[in-house]
Amino acid sequence: MRFSLKKICPFCFISFKPFCSRRLAASIGTIAGALLIPSFVSIFSRMISHLEVAGSVPKMMKNITSIHTLEKAKKHVKRPRWIMLSQLRIGGVPKRLLLLNLMATTIYTVGVLSTLYASTLEPTLSKSILMSSGLINGLAMITLAVFVDPQVAILTEKVMKGESTKQSMNKMVGTLVISRLCGTVCAQILLVPAALYIAWICKLIP
């Protein structure tokens, strides 16, 4: 399998720069999401209280979209604190769960971009390559649905029943966010190898 070095080199050529910026945006978005977790937990908790009073989502949306309610929402915005990071420890959180979450995030992040990049390496196979992105993302979705989400749901139920502490839930959420960030970083490393592999596989398909 031969490809032009100009298309492959991730450091020296302009054709690779759009993909670099998109992968970097994934990592920045993950960091921003992690910083907003305390605020969204507080806001969603308040929204659940409004839903219990309203009885339906349309009525709740009608109530919370008033100017007075939106002004009150500012009180629920919370700044992330360093103590949250100091409480994070891998101990107590299954390493297998973190690894699977990392793998799924890596596949999600690199899936579409690698197929787009592979289509530029093999323009004649672009249709087949682009259609494979759904299969790649499907693998990540199955990993999350079968292995990651059930474990998180089980821990959430234990916390609600009082069988586990709230701190253990916070620790799992924090470590999952960190593993997701690591997954976006791994995707930046694997973009070119994944694109080459996808292009090679599609060449083998008759």
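For this chain, numbers begin at 1 and follow the sequence in order.
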Do L97 and Y108 land in one hydrophobic cluster if side-chain heavy atoms of ILVMFWY residues count as linked below 4.5 Å? yes
List the atom of A194, the atom of S114, and the distance in Å for their closest heavy-atom pair. CB-CB, 3.8 Å
Can you measure from CG (L121) to OG (S119) and round to the nearest 0.5 angstrom? 8.0 Å
Enter the distance from I201:CD1 to L196:CG here, rounded to the nearest 0.5 Å. 12.0 Å
Are L176 and V41 in one and the same hydrophobic cluster, where Ile, Leu, Val, Met, Phe, Trp and Tyr link if side-chain heavy atoms are under 4.5 Å apart? yes
R96 and side-chain contact (heavy atoms from CB on, under 4.5 Å): which single residue from L99, L98, L100 fits? L100
Run through the side-chain heavy atoms of Ile, Leu, Val, Met, Phe, Trp and Tyr, join any pair under 4.5 Å, and report what else lands in V185's cluster. none
Spell out, yes or no, whether L125 and Y197 are grouped together once hydrophobic residues are joined by side-chain heavy atoms under 4.5 Å, including indirect joins. no
Check which hydrophobic residues are tied to L181 through side-chain heavy-atom contacts below 4.5 Å, counting indirect links as well, and list them. I31, L35
side-chain hydrogen bond (donor to acceptor under 3.5 Å, both in side chains) pairs touching residues 98-107, sequence neighbours excluded, are N101-S179
Per-pair distances, 0.1 Å, donor-acceptor, side chain in residues 134-159, under 3.5 Å, sequence neighbours excluded:
unit_1 : atom_1 : unit_2 : atom_2 : d
T143   : OG1    : L139   : O      : 2.9
T156   : OG1    : V152   : O      : 2.8
E157   : OE2    : K161   : NZ     : 3.1

With clusters defined by side-chain heavy atoms of hydrophobic residues (ILVMFWY) lying less than 4.5 Å apart, directly or transitively, does M47 cluster with V57? yes
Could you tell me whether the side chain of I198 reaches within less than 4.5 Å of the side chain of S132, counting heavy atoms only? yes
Can you list everything that forms a side-chain contact (heavy atoms from CB on, under 4.5 Å) with S128? Sequence neighbours excluded, please. none
By side-chain contact (heavy atoms from CB on, under 4.5 Å), which residues pair with A34, not counting sequence neighbours? V177
Residues in side-chain contact (heavy atoms from CB on, under 4.5 Å) with S56, at least two apart? P58, K59
Checking the side chain of S126 only, and the main-chain atoms of E122 only, is there a donor and an acceptor separated by less than 3.5 Å? no
Going by side chain to side chain donor-acceptor pair (under 3.5 Å), name the residues that satisfy it together with S42, two or more places apart in sequence or in a different chain. H76
If you group Ile, Leu, Val, Met, Phe, Trp and Tyr by side-chain heavy-atom gaps below 4.5 Å, do V173 and M160 land in one group? no
Minimum heavy-atom distance C202-I129, with the two atoms named: SG-CG1, 3.6 Å
In this structure, CG of L102 is separated from CD1 of I107 (nearest 0.5 Å) by 10.0 Å
Within the 3.5 Å criterion, strictly below it, is a donor on S27 or T184 matched to an acceptor on the partner's side chain? yes
d(T109 OG1, Q188 CD) to nearest 0.5 Å is 9.0 Å
